[in-house]
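Here is the structure we will look at.
All residue numbers in this chain count up from 1 along the given sequence.
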Amino acid sequence: MRHLINILDFSPEELQELIDTANDIIADPAKYSQICRGKKLATLFFEPSTRTRLSFEAAMYELGGNVIGFSEANSSSAAKGESVADTAKTISCYADIIAMRHPKEGAPLVASQNATVPVINAGDGGHNHPTQTLADLLTIYREKGRFDHLTVGLCGDLKFGRTVHSLINALSRYEGLKFVLISPEELKLPSYVKKEVLRAQGIPYVQTTDLEGAMPDLDILYMTRVQRERFFNEEDYLRLKDSYILTPDKLQNARQDLSILHPLPRVNEISVAIDSDPRACYFKQVLNGKYMRMALILKLLKEAGTL
Ligand code: CP
């Protein structure tokens, strides 16, 4: 049984296959509109979500399938103490595929070890968010036409930002990548990501607090929100939350072909004045997420022998 728990579960060739399918869906959605008729997706969201949950649901409906699920832990039997393992076994009786978001790192992995249907990690704590990475990859591919030889700036909360960890993992497999890690001292990329991914593979990176200084070199600027829900201390959050606010003046030295990404939700990191800049890609990213989730559902159901 194939699952998607970590973006590294898929080879670069498989990611390209998903991108090709997503592009084909974009070109001819009618071809896919009944392909999942009679199939059910379960969305098990133990944490809040707008994009991930609703894009999964839209994806399944646009494939002709149906959706069941819950959007908060309190409306499930988790509130009575049911384990993730038992939840996964139970939902396997009702659905053909599961998308799970959970505040605890590793919960979707536990679900995948107990389910009898494919499980997709829709975000686990501060750990990983592989389907956001699928959205990011399609956006980069459609904007740049490649994944190699890019200088990628990652800015904001690199400590708790799970989308950043998954994206670094995914991009680390392409040639000629350079990362510029822009964050306050307290929100630097965790050492294990630097050691196990960047240094282990000899990928060049610099760490800086200076967004404007880094700007001229960047092909991609990936802004992130400071993850309030992961802080132990509200005072620290308040001190750090506005560390980086991208405003038009900060783009003065940016390349004309810069692509600005953000997984969203945005709080204050990107001024709305940037939204009309042709370099802003974050709402395209939202739409791309739906197409990649459609491609992912198709791949996992086919590999499970369900389609
Ligand atoms: N990018 C993302 O995961 O958004 P949601 O939290 O709204 O799903």
> Any side-chain heavy-atom pair from I168 and Y205 closer than 4.5 angstrom?
Replying inline: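 I168 does not reach Y205 side chain to side chain.
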> With distance as the sole criterion, is a donor-acceptor pair present between the side chains of T151 and D217 under 3.5 Å?
Replying inline: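 Note: T151 and D217 side chains miss the donor-acceptor criterion.
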> Regarding N66 and Y61, is there a side-chain donor-to-acceptor distance under 3.5 Å anywhere?
Replying inline: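 There is no such pair between these side chains.
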> Taking all atoms of both residues into account, what is the closest heavy-atom pair of Y244 and T208, and its distance?
Replying inline: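 In terms of heavy atoms, the two residues are closest at OH-O, 4.4 Å.
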> Would the number of heavy atoms belonging to other residues, nucleotides or ligands and lying under 6.0 Å from NZ of K39 be above 12?
Replying inline: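 Yes, enclosed.
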>> Closer than 3.5 angstrom, by distance alone: can the side chain of D86 be matched with the main-chain N or O of E82 as a donor-acceptor pair?
In response: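 No.
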> Who pairs with E234 by side chain to side chain contact (heavy atoms under 4.5 Å, CB included), at least two apart in sequence or on another chain?
Replying inline: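 So E234 forms a side chain to side chain contact (heavy atoms under 4.5 Å, CB included) with R228, Y237, L238.
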>> So, using ring-ring contact (aromatic ring centres under 6.0 Å, His included) as the criterion, who are the partners of F147 when residues are at least two apart?
In response: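 F147 satisfies ring-ring contact (aromatic ring centres under 6.0 Å, His included) with Y141, Y174 only.
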> Looking at F56, does the NZ or CZ of K290 lie under 6.0 angstrom from its six-membered ring centre and within 45 degrees of the ring axis?
Replying inline: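 No, K290 does not lie over the aromatic ring of F56.
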Quick one: side chains of residues 96-104, donor-acceptor pairs under 3.5 Å with protein atoms, not counting sequence neighbours, listed by atom name and distance.
{"unit_1": "D96", "atom_1": "OD2", "unit_2": "K40", "atom_2": "N", "d": "2.7"}
{"unit_1": "R101", "atom_1": "NE", "unit_2": "A122", "atom_2": "O", "d": "2.9"}
{"unit_1": "R101", "atom_1": "NH1", "unit_2": "P48", "atom_2": "O", "d": "2.9"}
{"unit_1": "R101", "atom_1": "NH2", "unit_2": "T52", "atom_2": "OG1", "d": "3.0"}
{"unit_1": "R101", "atom_1": "NH2", "unit_2": "A122", "atom_2": "O", "d": "3.2"}
{"unit_1": "R101", "atom_1": "NH2", "unit_2": "H129", "atom_2": "NE2", "d": "3.1"}
{"unit_1": "H102", "atom_1": "ND1", "unit_2": "K104", "atom_2": "N", "d": "3.1"}

>> Please determine whether a side-chain nitrogen of the Lys or Arg among R173 and E14 lies less than 4.0 Å from a carboxylate oxygen of the Asp or Glu.
In response: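 E14 and R173: not salt-bridged.
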All N/O donor-acceptor pairs, side-chain side in residues 110-120, below 3.5 Å, sequence neighbours left out:
{"unit_1": "S112", "atom_1": "OG", "unit_2": "L109", "atom_2": "O", "d": "2.6"}
{"unit_1": "N114", "atom_1": "ND2", "unit_2": "V110", "atom_2": "O", "d": "2.8"}

Can you give the donor-acceptor pairs under 3.5 Å from side chains of residues 68-75 to other protein atoms, not counting sequence neighbours?
{"unit_1": "S75", "atom_1": "OG", "unit_2": "E72", "atom_2": "O", "d": "3.0"}

>> My understanding is that only residues two or more places apart in sequence, or in another chain, count here; which of them pass salt bridge (charged side-chain N to carboxylate O under 4.0 Å, His left out) with K194?
In response: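 Scan of K194 (salt bridge (charged side-chain N to carboxylate O under 4.0 Å, His left out), adjacent residues dropped) gives none.
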